Amino acid sequence: MKLATWNVNSLKVRLPHLLGWLASAQPDVVCLQETKTEDAGFPFAELAAAGYQALHNGQKTYNGVALLARSEPSEVLRALPGFEDGQKRLLAATVAGVRCICAYMPNGQAVGSEKYAYKLAWLDALARWLQDELKRFPQLALLGDFNIAPEDRDVHDPQAWQGQVLCSEPERAAFRRFIDLGLVDAFRLFPQPEKSFTWWDYRMMAFRRNHGLRIDHILVSPRLAARCRACLIDVAPRKLERPSDHAPVIAEFV
DNA sequence: ATGGCTTGAGTGTCAAGA
């Protein structure tokens, strides 16, 4: 079983990339972020033709999350419990016995800004809810764009990014809180190349120079971690014409 | 140099991303 996450930065623009990637990577569940569309613009038919049932929690212009699955999803949840939020950032469903939580965590804009405070509040609400969710679902995966580089090795230039949004200590503490709940970073279960990243700025030839951050993650519960056999970042779609600025992350389970 | 691209909205250019 393969679970994946990908911030597509507009599903309308990236649909050809997504369809090509589904055909080559063959994931069983895919969590998408930044679909940037309402349901009316969501490509349900094209994805069904590719073999995927789709759930979408979208809005106009911004945010929007989707969950694609090759088998029937159940127990669908479309909002973060205990958090008043006009922004569509969460979608959870159970697929083949695994609780899959797709999250587009807030960017935070700049440390100290209103958006940064919103980010920390959102992360706090997520951790509180996860505590209960982990009790209900021993096999659980939290997949998405976390907008957090958990450690300095996840940053191309740690000195330049020190204390900046995506790397600040309160954000990293929020990430560690997920780990303290028992979740495991699937990517770090295995030896990985140095300077492995999932996002590169569109500007300044950042991808060509590998000036990136690792901010998209798959965290798994202990029961699911025991089944995990591989986790990798697939940079191939980032090399295509008009790419998303994020690369997909995929984890394989027995 | 708070820039540099890309997207959606919408026809001017701006907000937002990270």
Side-chain angles (χ1 to χ4, degrees), chain A residues 5-18 21 31-43 56-66 85-90 102-123 126 143-175 187 195-217 233 235 237-249:
Chain A
T5 180
W6 192 6
N7 180 325
V8 290
N9 185 20
S10 170
L11 187 50
K12 278 178 189 166
V13 175
R14 230 65 66 194
L15 183 60
H17 290 191
L18 175 62
W21 187 75
C31 294
L32 302 176
Q33 300 87 39
E34 289 206 90
T35 59
K36 296 188 174 180
T37 182
E38 294 172 306
D39 280 353
F42 190 89
H56 185 224
N57 185 24
Q59 67 184 95
K60 202 173 171 181
T61 312
Y62 302 117
N63 310 310
V65 284
D85 198 357
Q87 304 185 24
K88 306 292 192 182
R89 296 182 174 278
L90 191 109
C102 173
Y104 175 45
M105 304 189 196
N107 169 283
Q109 196 173 56
V111 173
S113 67
E114 275 185 34
K115 288 177 182 174
Y116 184 77
Y118 165 79
K119 179 178 194 172
L120 295 182
W122 201 97
L123 293 168
L126 177 59
L143 310 96
D145 178 356
F146 284 54
N147 272 312
I148 302 171
E151 299 177 44
D152 278 353
R153 62 177 165 164
D154 302 311
V155 181
H156 73 94
D157 185 346
Q159 283 208 317
W161 281 87
Q162 186 175 26
Q164 301 296 309
V165 74
L166 315 185
C167 301
S168 75
E169 186 46 41
E171 292 165 272
R172 287 180 168 178
F175 187 91
F187 188 74
K195 301 186 184 300
S196 287
F197 307 126
T198 65
W199 171 84
W200 303 261
D201 200 299
Y202 282 123
R203 300 165 294 189
M204 300 293 283
M205 296 181 285
F207 180 68
R208 194 173 66 70
R209 298 152 78 185
N210 197 28
H211 286 184
L213 304 175
R214 191 175 72 96
I215 56 176
D216 301 85
H217 307 291
I233 299 162
V235 298
R238 188 65 177 77
K239 299 175 178 174
L240 300 173
E241 287 284 315
R242 281 189 93 182
S244 168
D245 44 357
H246 295 252
V249 184

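Excluded from the calculations below are hydrogen atoms, water molecules and symmetry mates; all remaining heavy atoms, backbone and side chain alike, are included. This structure is a prediction, so every number in the text was calculated from the model and none was measured. Convention: sequence-line order gives letters A, B, ...; per-chain numbering from 1.
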* Separation of the P atoms in B/dG3 and B/dA15, to the nearest angstrom ->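 Approximately 11 Å lies between the P atom of B/dG3 and that of B/dA15.
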
* Asked: Using the P atom in both, what is the distance from B/dA18 to B/dG8, to the nearest Å?
  ->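 Roughly 14 Å separates the two P atoms.
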
* Would you say A/Tyr104 reaches B/dA18's phosphate, i.e. side-chain N/O to OP1/OP2 under 4.0 Å? ->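 A/Tyr104 to B/dA18 OP1/OP2: side-chain N or O found under 4.0 Å.
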
* Asked: Has A/His246 got a side-chain N or O lying under 4.0 Å from the OP1 or OP2 atom of B/dA18?
  -> yes

For atom [atom1] of [X] and atom [atom2] of [N], their distance in whole Å:
{"X": "A/Leu166", "N": "B/dA16", "atom1": "CG", "atom2": "P", "result": "17 Å"}
{"X": "A/Asn107", "N": "B/dA16", "atom1": "CG", "atom2": "P", "result": "11 Å"}
{"X": "A/Asp145", "N": "B/dA16", "atom1": "CG", "atom2": "C1'", "result": "13 Å"}
{"X": "A/Asp154", "N": "B/dA18", "atom1": "CG", "atom2": "P", "result": "16 Å"}
{"X": "A/Glu34", "N": "B/dA18", "atom1": "CD", "atom2": "C1'", "result": "9 Å"}
{"X": "A/Tyr118", "N": "B/dA16", "atom1": "OH", "atom2": "C1'", "result": "13 Å"}

* To do: For A/Arg214, check salt bridge (charged side-chain N to carboxylate O under 4.0 Å, His left out) against everything at least two apart and list the hits.
  =>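 So A/Arg214 forms a salt bridge (charged side-chain N to carboxylate O under 4.0 Å, His left out) with A/Asp154, A/Asp185.
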
* Asked: Under the 3.5 angstrom rule, does the side chain of A/Arg14 hit a backbone N or O of A/Asn9 as a donor-acceptor pair?
  ->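 Yes.
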
Validation: residues 164-175 of chain A side-chain donor-acceptor distances under 3.5 Å, sequence neighbours left out:
unit_1	atom_1	unit_2	atom_2	d
A/Ser168	OG	A/Tyr116	OH	2.7
A/Ser168	OG	A/Glu171	OE1	2.5
A/Glu169	OE2	A/Arg176	NH1	3.4
A/Glu169	OE2	A/Arg176	NH2	2.4
A/Glu171	OE1	A/Leu166	N	3.1
A/Glu171	OE1	A/Ser168	N	3.4
A/Glu171	OE2	A/Lys119	NZ	2.5
A/Glu171	OE2	A/Leu166	N	2.8
A/Arg172	NE	A/Ala149	O	2.8
A/Arg172	NE	A/Pro150	O	3.4
A/Arg172	NE	A/Cys167	O	3.3
A/Arg172	NH1	A/Asp152	OD1	3.0
A/Arg172	NH2	A/Ala149	O	3.4
A/Arg172	NH2	A/Glu151	O	3.3
A/Arg172	NH2	A/Asp152	OD1	3.3

* Just jot down the side chain to side chain contact (heavy atoms under 4.5 Å, CB included) partners of A/Arg209, sequence neighbours excluded, or say none. => A/Met204, A/Met205, A/His211

* For A/Asp201, check side chain to side chain contact (heavy atoms under 4.5 Å, CB included) against everything at least two apart and list the hits. => A/Trp199, A/Arg203, A/Ala206

* Asked: With sequence neighbours left out, what residues match A/His17 under ring pair (Phe, Tyr, Trp, His ring centres under 6.0 Å)?
  ->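 Testing A/His17 for ring pair (Phe, Tyr, Trp, His ring centres under 6.0 Å), a comparison that skips the adjacent residues, returns none.
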
* So what does A/Asp216 touch, heavy atoms closer than 4.0 Å: a base, only the sugar-phosphate, or nothing? ->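 Answer is nothing: A/Asp216 stays at 4.0 Å or more from every strand.
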
* Take nucleotides 2-14 of chain B nucleotide by nucleotide from the 5' end and write B, S or -, depending on whether a protein heavy atom sits under 4.0 Å from the base, only from the sugar-phosphate, or from neither. => --BBSSSS-----

* Test side chain to side chain contact (heavy atoms under 4.5 Å, CB included) applied to A/Leu32 and A/Asp145, A/Leu11, A/Leu143, A/Asn7, the passing residue -> A/Leu11

